Amino acid sequence: MFAVRFDRFGPPEVLALGEFPEPHAGRGEVRVRVRAAGVSPVDLALRAGRSPAAERLALPHVPGVDAAGVVDEVGPDVTGTAVGDEVFGAVDVSRLGGASAEFAVLAFWTAKPASMPWEEAGASGTSVETATRALDLLDVREGTTLLIDGAAGGVGSVAVQLAIARGARVIGTGSPANQAFVARLGATPVTYGRGLPERVRGLDEGPVDRALDVAGAGSLPELVALTGTAASVVTLADFSGPRLGVRLSTGEFGGEPGGRHGLAAAAALFAEGRFRLPVQEAFPLAQAARAHAFAAEGPRRGKIVLTVPGG
Ligand SMILES: NC(=O)c1ccc[n+]([C@@H]2O[C@H](COP(=O)([O-])OP(=O)(O)OC[C@H]3O[C@@H](n4cnc5c(N)ncnc54)[C@H](OP(=O)(O)O)[C@@H]3O)[C@@H](O)[C@H]2O)c1
């Protein structure tokens with residue numbers, strides 16, 4: 001099959017379209033002919049050799065953890081999904097990639113609503129799973145006031161919408177350039193960085209019940225101060241969290257229960273017109289190097305996606 005691959009760690013230019021052995025669906029998995037695949041921060045970190053997990057990669061490696069496509073192979077023990085179904089989801093995270101290719105094996109997925117564009121579906125999997133897992137851990141529900149630090153990115157833009165769908169009120173941080181974007185997602189926008197507690201208190205939104213750190217930019221002490229307790233804060237990206245008593249949710253690497261059920265919920269919300277996956281930019285698969293370079297620049301407005309025309 002054709003796939004984006006890299007044979008050595010390095011800058012985006014190490015990515016090239018080439019041949020790669022076809023993967024096959026294992027137990028509980030499906031294989032899709034890919035129509036779109038997301039580009040995520042973890043893909044950039046692995047390609048650059050910056051992630052500790054890079055040590056586990058056998059090169060050459062195919063990046064990408066999210067994909068949408070048409071099922072063409074169904075593994076043992078899979079029920080409710082058949083060859084020809086249009087689905088979106090994500091690879092088994094322990095494989096650290098495999099989605100930026102002609103075929104990808106998904107470990108969790110849901111049916112793609114017919115009206116959901118391939119680009120949105122292809123970039124949704126781990127953002128929806130991660131946001132759902134974090135909102136579950138924080139017990140976000142009707143009436144919760146939630147602060148999301150890093151609301152304009154792939155995970156944050158999803159978390160804002162899913163929290164609002166649960167009946168929460170959301171305050172979302174973004175760069176000055178992203179204030180209107182965060183507001184369009186449905187959150188009360190505020191700029192991130194030094195002085196955040198004072199700005200949040202100045203919004204007159206009442207007490208902050210819960211805080212989700214998506215950015216990992218060092219704001220945990222301020223988020224704890226705003227909510228009043230470390231137990232009301234979860235971080236997805238700051239490894240100093242546990243030292244402060246803040247839960248660090250690292251997903252299935254840590255063996256904790258995931259937010260996979262969130263995919264079906266997000267698809268249902270999409271069909272009701274209550275959820276969109278913001279796609280900042282889509283690139284053809286052959287331009288994966290450009291997509292990775294673009295994804296390394298801010299400001300972020302949702303996801304970067306690779307498309308496979310015609311699938
Ligand atoms: N633990 C997990 O299971 C898990 C899963 C997925 C992702 N992650 C991690 O979560 C992080 C975010 O992922 P993502 O896909 O949402 O990334 P992304 O799309 O690149 O978005 C990052 C966001 O962080 C914001 N940001 C930048 N500097 C900031 C600061 N100083 N304070 C607050 N926010 C700031 C950016 O806002 P502007 O664009 O407005 O500058 C941007 O919206 C990454 O580190 C990723 O590796 C963890």
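These numbers come from the heavy atoms of this one structure, side chains and all, not from hydrogens, waters or symmetry mates. Both ligands and their constituent atoms are indexed starting at 1 by order of listing. Just so it is clear, the model here is predicted, and its values are computed rather than measured.
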Do Q161 and R274 meet the criterion of a side-chain donor-acceptor pair at a distance under 3.5 Å?
no

Using side-chain hydrogen bond (donor to acceptor under 3.5 Å, both in side chains), reason through S249 and R133 one step at a time and then give a plain yes or no.
CA-CA 8 Å; S249 178; R133 169 163 35 90; 2.7 Å; yes

Let's go through D149 and Y192 carefully: what are the C-alpha distance in whole Å and the side-chain angles of both, what is the deciding distance for side-chain contact (heavy atoms from CB on, under 4.5 Å) to 0.1 Å, and is it a yes or a no?
CA-CA 7 Å; D149 197 23; Y192 53 63; 3.7 Å; yes

Would you find a donor on one side and an acceptor on the other, under 3.5 Å apart, between the side chain of H292 and the backbone of L15?
no

Whether the side chain of Q179 engages the backbone of S175 through a donor-acceptor N/O pair (distance < 3.5 Å, no angle test) should be reported.
yes

Apply side-chain contact (heavy atoms from CB on, under 4.5 Å) to D85 and W109, showing your working.
CA-CA 11 Å; D85 288 355; W109 64 90; over 6 Å; no

The answer, listing residues by chain and number that come under 4.0 Å of ligand 1 through any heavy atom, is P41, T130, R133, D149, G150, A152, G153, G154, V155, G174, S175, N178, Y192, V214, A215, A217, L236, A237, S249, T250, G251, P299, R300

